[in-house]
Amino acid sequence: MRTAHSDVLLASAGERGVLCDFYGEAAADTYRDLVEDGDGTSEAQAFAARVHPVSAPVLELAAGVGRLSFPFLEFGWELTALELSATVVAAFRERLAKEPADVRDRCTVVQADMSAFSLGKTFGTVVISSGSINELDEYDRSRVYAAVREHLDPGGKFLLSLELGKPGEPEPMERRQELTGRSGRRHALHVKVVPSEEIQEITIYPADETADPFVVCTHRRRLVPSDRTVRELVRAGFDVISQTPFASSEAGREDMLLVEAVTPAVR
Ligand code: SAM
C-alpha cells in the first residue's frame, strides 16, 4: 500500500527504495527492531482484573508478536494466540521457543483471520487490543464480533482495550518523529491523518537517508472512537457491562478504556 509520503520517499531513493506492508515479510527486520520489545504489562493487568475464573482458556485475537500475550502467560493463563501475518506468527513462535516448557505448554499459536475463524473449541474469555480491532473496517469488525460469540463459553466475556482521545488535544494532522530500535538503528515515523477516511497513514523508513536498501513500510490505522465500538458491540448482541478507564503506562494518564462485554443469555 502506498501513502503520499512513501511516494515522495521512494521517488528520491530511486533503485534503493523498497515498498512493503509493515506486517509483511519484507518489513520483518524493521518490525522486529521496533515492536518486539513493546511493554504491554499495564494493559495486560487491566485485562487480568476482568478475567474470572483465571483457570478458563483465553483467546487473544490479533496477538501480534505477543506484547500482551507474554504478560498473560506470566499470569499463568492457558492462552490461544491468533494472528494473521505469517511473518508476525514466526516472530511470536521464535519468542515462545525461548520460554520455559511450562509456558510453551500453555500457549497455542494459530495463524488465522480474526474475522473468519473456527477453532472447534470455546473460551472463558476472548481479548483484543485497540490496535488490533482497529485494523479492520466496520464490516469485518462485525464479523469478528460474530466469531467471538461462537467461541465464548456460556458466561464468557469479550474484553477490549480501546484508545481514548486526548481531551482538548486533537491529534496533529501530520507529524514526524525518530525512534531508536532495539538494535540501536534509527527509524523515522511519519503519521498523517486523513479525516475524510477516518484513518492514519503510517510510513516508517530509515532515518539515514543513504540507507541501501531504503525500506519504506506503510500501514493504515483506523481511528474509531471508543463509543462507536461500544455501539457496534451492542448491535452485535453483546451487553456492555463495564467501561473502565486505565493508564496504558505506569506513570501515564488514563488513556485507554477496558470494555467488558457478555452475551445477554449467559450473563
Ligand atoms: N495485539 C497486539 C498488541 O496489542 O501489541 C498487536 C497489535 S498490532 C497493532 C495489530 C496486529 O493485528 C498485527 O499483528 C496484524 O498482523 C494483526 N492483524 C491484522 N488483521 C488481522 C486479521 N484479520 N486477523 C488476525 N490478525 C490480524
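Both counts, for ligands and for their atoms, begin at 1 and track the order of listing.
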Would you say [X] has any N or O atom under 3.5 Å from an N or O of ligand 1, going by distance alone?
X: M114; value: yes
X: S115; value: no
X: L82; value: no
X: Y23; value: no

Looking only at heavy atoms, is any part of [X] under 4.0 Å from ligand 1, and if so is it the side chain, the backbone, or both, or is it neither?
X: E135; result: side chain
X: S129; result: side chain
X: A63; result: backbone

Exercise. Quick one: closest heavy-atom pair of F47 and L159, and the distance?
Key: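 Smallest heavy-atom distance, with atoms named: CE2-O, 3.5 Å.
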
So that I can tick it off, tell me whether [Y] and [X] are bridged by a salt bridge, with the cut-off set at under 4.0 angstrom between side-chain N and carboxylate O.
X: D102; Y: R106; value: yes
X: E178; Y: R176; value: yes
X: R185; Y: D33; value: yes
X: R50; Y: E260; value: yes
X: R93; Y: E83; value: no
X: R32; Y: E94; value: yes
X: E138; Y: R235; value: yes

Quiz item: What protein heavy atom sits nearest atom 1 (N) of ligand 1, and how far off is it?
Solution: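 Minimum-distance protein heavy atom for atom 1 (N) of ligand 1 reads A62 O, 2.8 Å.
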
Quiz item: Which residue owns the protein heavy atom closest to atom 5 (O) of ligand 1, what's the atom, and how far is it?
Solution: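 It is R67 NE, 2.8 Å.
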
Practice problem: Pull out every atom of ligand 1 sitting under 4.0 Å from any heavy atom of S85, numbered as shown with elements. | Solution: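 Taking each heavy atom of S85 in turn, ligand 1 has 16 (O) under 4.0 Å.
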
Quiz item: In ligand 1, which numbered atoms sit nearer than 4.0 Å to a non-hydrogen atom of G64?
Solution: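 This gives 6 (C), 14 (O) as the contact atoms.
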
Quiz item: Among the heavy atoms of A112, does any lie under 4.0 Å from an atom of ligand 1?
Solution: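 Yes.
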
Quiz item: Does ligand 1 have an atom under 4.0 Å from some heavy atom of S132?
Solution: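 Judged by the 4.0 Å heavy-atom criterion, S132 does count as contacting ligand 1.
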
Practice problem: Tell me which one of R221, E43, E83 gets a heavy atom nearest to atom 17 (C) of ligand 1. | Solution: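 Among R221, E43, E83, the closest heavy atom to atom 17 (C) of ligand 1 comes from E83.
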
Self-check item: Option whose closest heavy atom lies nearest to atom 26 (N) of ligand 1, chosen from D113, L84, I133
Solution: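 Nearest option to atom 26 (N) of ligand 1, by heavy atoms: L84.
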
Quiz item: Under the ring pair (Phe, Tyr, Trp, His ring centres under 6.0 Å) criterion, do H190 and Y205 qualify, and how do the steps go?
Solution: CA-CA 9 Å; H190 180 271; Y205 51 98; 7.4 Å; no

Exercise. For a side chain to side chain contact (heavy atoms under 4.5 Å, CB included) with R220, tell me which candidate from I199, I202, D21 qualifies.
Key: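 For R220, the side chain to side chain contact (heavy atoms under 4.5 Å, CB included) test succeeds with only one of I199, I202, D21, which is I199.
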
